[in-house]
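Encoded as structure tokens, the structure appears first; notes follow it.
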Amino acid sequence: MSSALNGLFPYPIVQAPMAGGASCPPLAAAVSQAGGLGFLAGGYKTADGMYQEIKQLRGLTRRPFGVNLFLPQYGQPDPAAVEAYRGQLAGEATWYETSLAAEDTVGNTDDGWDAKLAILIEDPVPVVSFTFGCPPAAALTCLRKGGTRTLVTVTSVAEALTAQDAGADALCVQGIEAGGHQGTHRDDPQADGTGVGLLALVAQVREAVALPIVAAGGLMRGSQIAAVLAAGAEAAQLGTAFLACPESGAHPLHKKALTDPLFVRTELTRAFSGRPARGLVNRFMREHGPYAPAAYPQVHHLTSGLRRAAAAAGDPQGMALWAGQGHRLARSLPAGELVEVLAAEVAEAQCVLQAVQRRNES
């Protein structure tokens with residue numbers, strides 16, 4: 001690995017920070033202990049909630065780990081569009097016998113950024129990654145002074161150049177195949193569905209910037225990891241692959257749905273959060289996706305009660321079942337064992353590639 005990532009984790013395997021509960025301390029600890037890089041998700045938590053999880057993780061492993069933060073969202077969506085969507089969801093609230101979030105509770109757009117960043121500067125962790133934008137250069141500098149390596153999630157060459165100019169240590173290059181939210185720096189409804197596939201994006205970014213690349217998007221097998229390494233990445237980030245692990249904090253219905261024949265495909269939708277995110281197509285996505293406004297995180301807060309009520313009722317048709325395009329390949333192995341299996345698959349694929357190269361050269 002490059003100097004920016006060297007020594008942090010022996011295997012080129014990063015467990016994605018999945019906000020909403022999946023990326024919990026037991027999962028991150030198991031991945032790090034096995035030789036990968038485990039991650040906590042700071043998104044949607046209070047600053048103290050994030051700090052408590054960091055303390056818990058430190059009690060489970062002495063290996064390096066990472067924490068992910070969401071950048072503040074300063075755009076002002078159309079209030080009328082949000083209220084229209086509230087009306088669209090009224091029937092869901094009745095069905096699940098719950099209430100939609102009040103209008104004055106859906107406006108928090110900074111996700112506790114200042115307080116979370118202050119904690120990570122004051123009490124440094126090995127790695128901090130960022131989603132939904134690039135932090136100011138001053139923030140990256142402060143983290144680096146504390147010994148923290150920084151990764152910025154990017155979905156285009158332009159975003160990669162921005163992150164490089166700001167002083168990021170490495171990039172998390174996210175392809176359109178990825179489950180959960182697309183980490184675009186700017187939410188442009190006109191660009192919905194126009195994202196680039198992972199292999200093509202890694203090649204484009206590799207030629208444009210000099211920073212190390214962690215590739216993310218639809219990766220479920222070691223052979224795929226070997227492919228992105230051959231394309232120029234230093235490591236691979238996997239989310240859906242770790243969702244099914246027993247240590248994952250994902251809801252049991254979510255884990256089951258990954259390989260349930262009832263859920264045949266994924267789509268990008270704004271239905272649950274107001275930002276494009278890839279999940280298993282269910283009733284909620286089909287009925288409400290076409291009408292969801294570009295209003296993140298307002299829609300996320302608006303639908304939070306509905307999603308909790310659907311989970312409590314045991315109804316995956318009303319849940320946000322985030323998943324990448326490779327979800328059918330999910331394996332419900334313990335996280336540490338999954339890391340070892342993936343590492344062995346990477347080694348096997350690389351041996352095959354080397355054998356082919358030697359044969360071609362002879």
Side-chain angles (χ1 to χ4, degrees), residues 1-17 28 31-32 34-39 63-68 125-131 134 140 143-144 147-157 159-175 177-178 183 196-239 241-242 324 326 338-354 357:
M1 291 188 183
S2 72
S3 59
L5 300 176
N6 188 38
L8 285 177
F9 45 106
Y11 296 140
I13 298 166
V14 178
Q15 165 247 311
V31 171
S32 290
L37 182 67
F39 252 95
R63 296 287 306 160
F65 63 90
V67 176
N68 176 262
V125 299
V127 182
V128 174
S129 70
F130 303 92
T131 304
C134 182
L140 296 174
L143 289 166
R144 187 179 303 107
T148 297
R149 324 281 179 89
T150 57
L151 285 83
V152 174
T153 303
V154 301
T155 62
S156 69
V157 170
E159 291 175 354
L161 290 169
T162 297
Q164 180 173 254
D165 291 343
D169 293 315
L171 305 172
C172 178
V173 175
Q174 184 194 47
E177 305 93 334
V196 180
L198 180 59
L199 281 175
L201 185 58
V202 167
Q204 292 171 17
V205 173
R206 179 71 292 146
E207 291 196 4
V209 302
L211 296 179
I213 291 173
V214 177
L219 304 176
M220 303 292 289
R221 293 287 188 266
S223 57
Q224 295 172 295
I225 297 173
V228 296
L229 297 180
E234 302 273 354
Q237 180 171 283
L238 292 75
F242 286 104
L338 180 56
V339 171
E340 293 170 355
V341 168
L342 289 167
E345 291 173 347
V346 171
E348 180 181 1
Q350 290 177 327
C351 284
V352 171
L353 178 60
Q354 290 166 1
Q357 290 173 331

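Residue indices begin at 1 and follow the sequence shown.
Listed by chain and number, the residues in a side-chain contact (heavy atoms from CB on, under 4.5 Å) with Ser32 are Thr61, Arg63, Phe65 (sequence neighbours excluded). For Glu159, the side-chain hydrogen bond (donor to acceptor under 3.5 Å, both in side chains) partners two or more places apart in sequence, or in a different chain, are Thr155. With sequence neighbours left out, the side-chain contact (heavy atoms from CB on, under 4.5 Å) criterion links Glu345 to Arg221, Arg331, Val341, Leu342. Residues passing the side-chain contact (heavy atoms from CB on, under 4.5 Å) test with Ala28 are Gln15, Leu40, Leu57, sequence neighbours excluded. Contacts of Ala16 classified as side-chain contact (heavy atoms from CB on, under 4.5 Å), with partners at least two apart in sequence or in another chain: Met18, Gln237.
Closest approach of Gly175 to Leu198, counting heavy atoms only: N-CD1, 3.8 Å. For the residue pair Phe9 and Gly35, the shortest heavy atom distance occurs at CB-O, 3.5 Å. Heavy-atom minimum distance, Val125 versus Val67: CG2-CG2, 4.2 Å. When all heavy atoms of Ala226 and Gln350 are compared, the closest pair comes out as CB-CG, 4.2 Å. Across Ala170 and Leu5, no two heavy atoms sit closer than the pair CB-CD2, 4.4 Å. When all heavy atoms of Asn68 and Ser129 are compared, the pair lying nearest together is ND2-OG, 2.8 Å.
Between the Arg149 side chain and the Gly66 main chain, no donor and acceptor come within less than 3.5 Å of each other. Of the possible polar contacts, one joining the Arg206 side chain to the Val209 backbone as a donor-acceptor pair under 3.5 Å is found.
Atom CD1 of Ile213 sits about 6.0 Å away from atom CG of Leu171, to the nearest 0.5 Å. Within the model, atoms OG1 of Thr150 and CG of Leu140 stand 4.5 Å from one another, a figure rounded to the nearest 0.5 Å. Rounding to the nearest 0.5 angstrom, the gap separating the CZ atom in Phe39 from the CG atom in Leu151 is 6.0 Å. Taken to the nearest 0.5 Å, the CG atom of Leu238 stands 7.5 Å off from the CG atom of Leu338.
Put simply, the side chain of Leu211 does not reach to within 4.5 Å of the side chain of Asp169, judged on heavy atoms. Gln174 has its side chain out of reach of Val154: every pair of non-hydrogen atoms, C-beta onward, lies at least 4.5 Å apart. Looking only at side-chain heavy atoms (C-beta outward), Ile13 and Phe242 come within less than 4.5 Å of each other. Within the 4.5 Å cutoff, side-chain heavy atoms of Pro64 are placed close to those of Leu37.
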Handout entry: Stepwise side-chain contact (heavy atoms from CB on, under 4.5 Å) test for Val346 and Leu229
Key = CA-CA 9 Å; Val346 171; Leu229 297 180; 4.2 Å; yes
For a quick test of your reading: what N or O donor-acceptor pairs under 3.5 Å do the side chains of residues 160-168 make, sequence neighbours left out?
| residue | atom | partner | partner atom | Å |
| --- | --- | --- | --- | --- |
| Thr162 | OG1 | Ala158 | O | 3.1 |
| Gln164 | OE1 | Ala210 | N | 3.0 |

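A 6.0 Å sphere centred on CD of Glu207 holds no more than 12 heavy atoms belonging to other residues, nucleotides or ligands.
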